[in-house]
There are 2 protein chains.
Amino acid sequence: MRPLFHPAIEDLKPEAILSALSDRERVAIFAQIAGLGSSGTCTALSNLGGRVIPKSSLSQHMKVLREAGLIRGERHGVEMRNHSRCQEVDARFPGLIAAILGAYGRPQEEANAG
Amino acid sequence: MRPLFHPAIEDLKPEAILSALSDRERVAIFAQIAGLGSSGTCTALSNLGGRVIPKSSLSQHMKVLREAGLIRGERHGVEMRNHSRCQEVDARFPGLIAAILGAYGRPQEEANAG
DNA sequence: TCCATAGTTCAGAAATTCGGAACTGTTGAT
DNA sequence: ATCAACAGTTCCGAATTTCTGAACTATGGA
């Protein structure tokens, strides 16, 4: 598949990041990807909060996170591997991700190293 | 007028804060109130970004900011004076507001002292 | 009382979000 | 090559949210 759209680091918009992370489900997805360090597939992410997220909704969530610049997705074979862009985002907006994940009560151990 | 609803500090929700600040118009309003230190009235805030915000829209924006816990509004005579709750919010979610205002490129000089 | 000012509420239009169904693209088996 | 299975995307209608002009409420002053 042709590569998905990912914004360049200089094109990141704070409002897109905040909007993406103003949804608990997306935060849980993002935190999981950031925490893993790499390679969160959609199916692995579809059952995070005790609720099964419909795959069309999950696909939308991933798109929102991707287009906000928070994650990068690459197809490997039949599946999509997602990893966070925390380092890049943190270089552009220092402390933002850590503060947000911190506010949501996550240990954010990988927030600056994913 | 009976006091408007303001959430207690322990009831603040990160998603409400991020949602409130995922809109540039609201960020501009909030940054202005935080920067002033106190007393932003609606009419003083209605012409921030070169656009005149309709007063019904402005009223909604103020409500969103208020219910997210970012500002406090008190009626003084015929007008409403708004001031930020930055200190309280910062105590609850350290660094969050500074990081957000920083990301939007504001000097946030009052972000921890409003 | 009557008017002006500051802001809120109402209500319909426009935009966004949600999620099941259908679809695309990839791998592996026959 | 054909078929099936799987991972994810796209489509589209329903539900929800946002926007804003118009009407309304509350306060102060003449």
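None of the values given here were measured: they were computed from a predicted structure. Note on naming: letters A, B, ... go to the chains in the order of the sequence lines (proteins, then strands), and numbering restarts at 1 for each one.
For A:Arg72, the side-chain contact (heavy atoms from CB on, under 4.5 Å) test picks out A:His6, A:Glu74, A:His83, A:Arg85, A:Glu88, with sequence neighbours left out.
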Protein N or O to nucleotides 14-19 of chain C N or O, pairs below 3.5 Å:
{"residue": "C:dG19", "atom": "OP2", "partner": "A:Ser57", "partner atom": "OG", "Å": "3.1"}
{"residue": "C:dG19", "atom": "N7", "partner": "A:Ser56", "partner atom": "OG", "Å": "3.4"}

Atom pairs under 3.5 Å: protein N/O with N/O of nucleotides 4-7 of chain C:
{"residue": "C:dA6", "atom": "O4'", "partner": "B:Val78", "partner atom": "O", "Å": "2.9"}
{"residue": "C:dG7", "atom": "OP1", "partner": "B:Cys42", "partner atom": "N", "Å": "3.0"}
{"residue": "C:dG7", "atom": "OP1", "partner": "B:Met80", "partner atom": "N", "Å": "3.1"}
{"residue": "C:dG7", "atom": "OP1", "partner": "B:Met80", "partner atom": "O", "Å": "3.2"}
{"residue": "C:dG7", "atom": "OP2", "partner": "B:Cys42", "partner atom": "N", "Å": "3.3"}
{"residue": "C:dG7", "atom": "OP2", "partner": "B:Thr43", "partner atom": "N", "Å": "2.9"}
{"residue": "C:dG7", "atom": "OP2", "partner": "B:Thr43", "partner atom": "OG1", "Å": "3.2"}
{"residue": "C:dG7", "atom": "N7", "partner": "B:Lys55", "partner atom": "NZ", "Å": "3.0"}
{"residue": "C:dG7", "atom": "O6", "partner": "B:Lys55", "partner atom": "NZ", "Å": "2.7"}

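The main-chain N or O of A:Ser19 is found under 3.5 Å from a side-chain atom of A:Ser22 such that the two form a donor-acceptor pair. Between the side chain of A:Ser46 and the backbone N or O of A:Thr43 there is at least one donor-acceptor pair closer than 3.5 Å. Between the side chain of B:Arg66 and the main chain of B:Gly73, no donor-acceptor pair closer than 3.5 Å is present.
At a threshold of 4.5 Å between side-chain heavy atoms, the hydrophobic network of Ile, Leu, Val, Met, Phe, Trp and Tyr places B:Leu18 and B:Ile9 in one connected group. In the hydrophobic cluster analysis, where Ile, Leu, Val, Met, Phe, Trp and Tyr join through side-chain heavy atoms closer than 4.5 angstrom, A:Leu58 is grouped apart from A:Val64. Hydrophobic clustering places B:Leu70 together with B:Tyr104 (ILVMFWY residues linked when any side-chain heavy atoms are closer than 4.5 Å, directly or through intermediates).
Going from atom NZ of B:Lys63 over to atom P of D:dT20 covers 17 Å, rounded to whole Å. Counting to the nearest Å, the P atom of C:dT26 and the CG atom of A:Leu4 are 12 Å from each other. Atom CG of A:Leu58 and atom C1' of D:dA7 are 11 Å apart (whole Å). When rounded to the nearest whole Å, the span between CG of B:Leu45 and C1' of C:dT8 equals 16 Å.
Among A:Asp90, A:Ile97, A:Leu96, the one residue that satisfies the side chain to side chain contact (heavy atoms under 4.5 Å, CB included) test with A:Phe93 is A:Leu96.
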